[in-house]
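These notes are about the structure you will find just below.
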Amino acid sequence: MKNIPVVMIIFGGSGDLAHRKLYPALFNLYEQGLIHDNFAVIGTARRPWSHEYLREQVGDAVHETHDQVNENDLKDFASHFYYQSHDVTNVEHYVTLKKLAQELDDRYCAHGNRLFYMAMAPRFFGTIATHINDQHLTGSGFNRIVVEKPFGHDLASAEELNKEITASFDEDDIFRIDHYLGKEMVQNIMPMRFSNPLIKNIWSSEYIKNIQVTLAERLGVEARGGYYDTSGALRDMVQNHIFQIITLLAMPEPKDIASTSIHQAKQDLLNSLIIPSPEDVKKDFVRGQYLGSDTTFAYKQEPNVDPNSMTETFVAGKVKFKKGPIAGVPIYFRTGKEFKEKKNRIDIVLKHINNPYGQAHSNNITIEIDPTSKIYITINGKKIDVPGIRREDLTYAFSKEEMAKVPDGYERLLHDVFVNDSTNFTHWSELKRYWEFIDAVEEAWQIENKSDNPNVVQYLPYRMGPKEANNIFESPTEHWIYE
Ligand code: BG6
């Protein structure tokens with residue numbers, strides 16, 4: 001679908017996200033004819049930029065992310081961009097913004113369609129939503145809003161923010177973005193599960209022993225210490241990305257692939273999410289902080305981080321559901337900064353069966369999300385020259401040419417917003433459950449922090465996180481597959 005007339009307003013138009021992700025993604029959509037002549041983008045931020053300067057910035061952003069650029073197309077694309085200096089706390093600025101949006105709507109025949117994008121510090125999301133409402137910034141056509149993460153800091157603040165946003169927007173028009181849902185291999189989970197009898201038929205607690213989700217990062221918090229210290233790995237990665245992946249892995253099959261059916265299937269699953277008690281948290285969760293090396297800072301020494309910080313840069317834990325195809329199966333996860341390498345992967349570990357050959361390997365299904373994209377299944381067979389079982393991988397991979405065609409997550413998700421497809425966005429009912437779980441863990445940690453013995457373990461950089469994460473398994477025959 002193309003040619004959707006719209007005036008898009010980006011709050012945070014001079015920021016990093018807009019520069020690195022949104023402008024290049026919009027350009028790619030433009031190049032494919034997926035957005036066309038009837039669109040205008042207003043970038044807003046406090047800085048006193050001109051339209052011309054914003055257009056230069058858009059050009060730079062595109063050049064930085066593309067090897068080859070058609071300069072005429074870029075010039076035409078950039079001419080759709082306008083800048084409005086805007087202080088989000090100043091009510092009068094919304095009046096000026098509204099006027100500009102209306103002018104551009106007339107000029108570009110945008111039919112009163114508005115798309116608001118919150119690409120700035122999350123503490124302003126509520127203020128912006130409130131003023132969009134009290135200054136009537138919405139247009140006479142469709143009105144959609146894209147909200148970046150984090151959506152709240154806990155359930156109470158998420159509820160508050162949701163109230164502010166729903167004052168002007170219906171749930172169907174709120175696109176809570178999670179860039180992991182735009183990743184190729186995350187989008188591949190459902191087709192893989194539901195289109196292969198081989199996989200679909202073993203997707204049950206009868207055959208699956210456990211599932212392991214690892215989102216490991218090579219780098220530390222870099223320049224984001226200030227934000228990160230108020231968040232931590234649990235809120236930064238688990239509340240959103242890890243939970244989205246787990247939901248896709250554990251949900252029942254939706255009745256069809258309409259967005260509403262998929263969200264319904266997710267909700268059915270999440271209603272049965274087991275919220276951990278403080279005792280469960282003690283037993284099933286590990287939190288850690290990275291130490292320094294010759295060339296890297298320890299977390300506590302990072303700029304803008306409290307030297308006595310208890311914030312975790314690593315967390316491992318366990319999730320279980322009471323219902324769904326893998327009810328009762330432990331889903332272990334871990335995520336952290338300063339691992340030995342960047343690696344996002346999922347390991348589905350199958351149970352052993354008795355067999356006449358003795359020691360066989362478990363069949364594991366591994367889905368690599370980043371930096372490589374592939375699925376492989378470990379298979380047992382016979383050794384050629386000696387008795388015994390040999391293990392091989394059956395691999396589903398992409399060619400280099402295919403990989404080059406994979407769009408960036410933001411490109412995919414922005415397109416979904418334009419065509420009003422909310423399949424790969426977080427519904428409020430899902431988010432609420434994720435926060436209930438996260439709040440339970442955070443509360444248990446807060447209590448522990450006040451005790452004499454808060455257990456934030458320290459771990460060395462360039463490794464696999466703290467060794468204590470090996471102790472969260474339910475049985476001694478379980479261990480991390482990716483080591
Ligand atoms: C973001 C987190 O949501 O995801 C970052 O805020 C993290 O801390 C990033 O580095 C990881 O995303 P990706 O796509 O690089 O795995």
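A quick note: this is a predicted structure, and the numbers were derived from the prediction, not measured. For ligands, and for the atoms within them, numbers begin at 1 and follow the listed sequence.
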What do you reckon, does [X] have a nitrogen or oxygen under 3.5 Å from a nitrogen or oxygen of ligand 1?
{"X": "Glu217", "value": "yes"}
{"X": "Tyr180", "value": "yes"}
{"X": "His179", "value": "yes"}

Numbered atoms and elements of ligand 1 in range of [X], under 4.0 angstrom, heavy atoms:
{"X": "Lys337", "result": "5 (C), 7 (C), 8 (O), 10 (O)"}
{"X": "Asn344", "result": "16 (O)"}
{"X": "Asp236", "result": "2 (C), 5 (C), 6 (O), 8 (O)"}

Exercise for review: Scan side-chain atoms only and decide if Thr130 and Asn133 contain a donor-acceptor pair under the 3.5 Å cut-off.
Suggested key: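 Per modelled atom types, Thr130 and Asn133 side chains form no pair under 3.5 Å.
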Practice item. Spell out, as yes or no, whether a donor-acceptor pair under 3.5 Å connects the side chain of Asn90 to the backbone of Asp87. Key: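 Checking the backbone N and O of Asp87 against the side chain of Asn90, no donor-acceptor pair under 3.5 Å is found.
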Exercise for review: Just go through Lys149, Lys342, Lys183 and tell me whose heavy atom is the nearest to atom 14 (O) of ligand 1.
Suggested key: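 Selected option, by shortest heavy-atom distance: Lys183.
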So, [X] and [Y], do they make that salt bridge, N to O below 4.0 Å?
{"X": "Lys337", "Y": "Glu222", "value": "no"}
{"X": "Lys343", "Y": "Glu217", "value": "no"}
{"X": "Arg287", "Y": "Glu468", "value": "no"}
{"X": "Asp236", "Y": "Lys149", "value": "yes"}

Exercise for review: Examine the proximity of ligand 1 to Leu215 and report which part, side chain or backbone, both or neither, has a heavy atom under 4.0 Å away.
Suggested key: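 For Leu215, there is no contact with ligand 1 at all, from either part.
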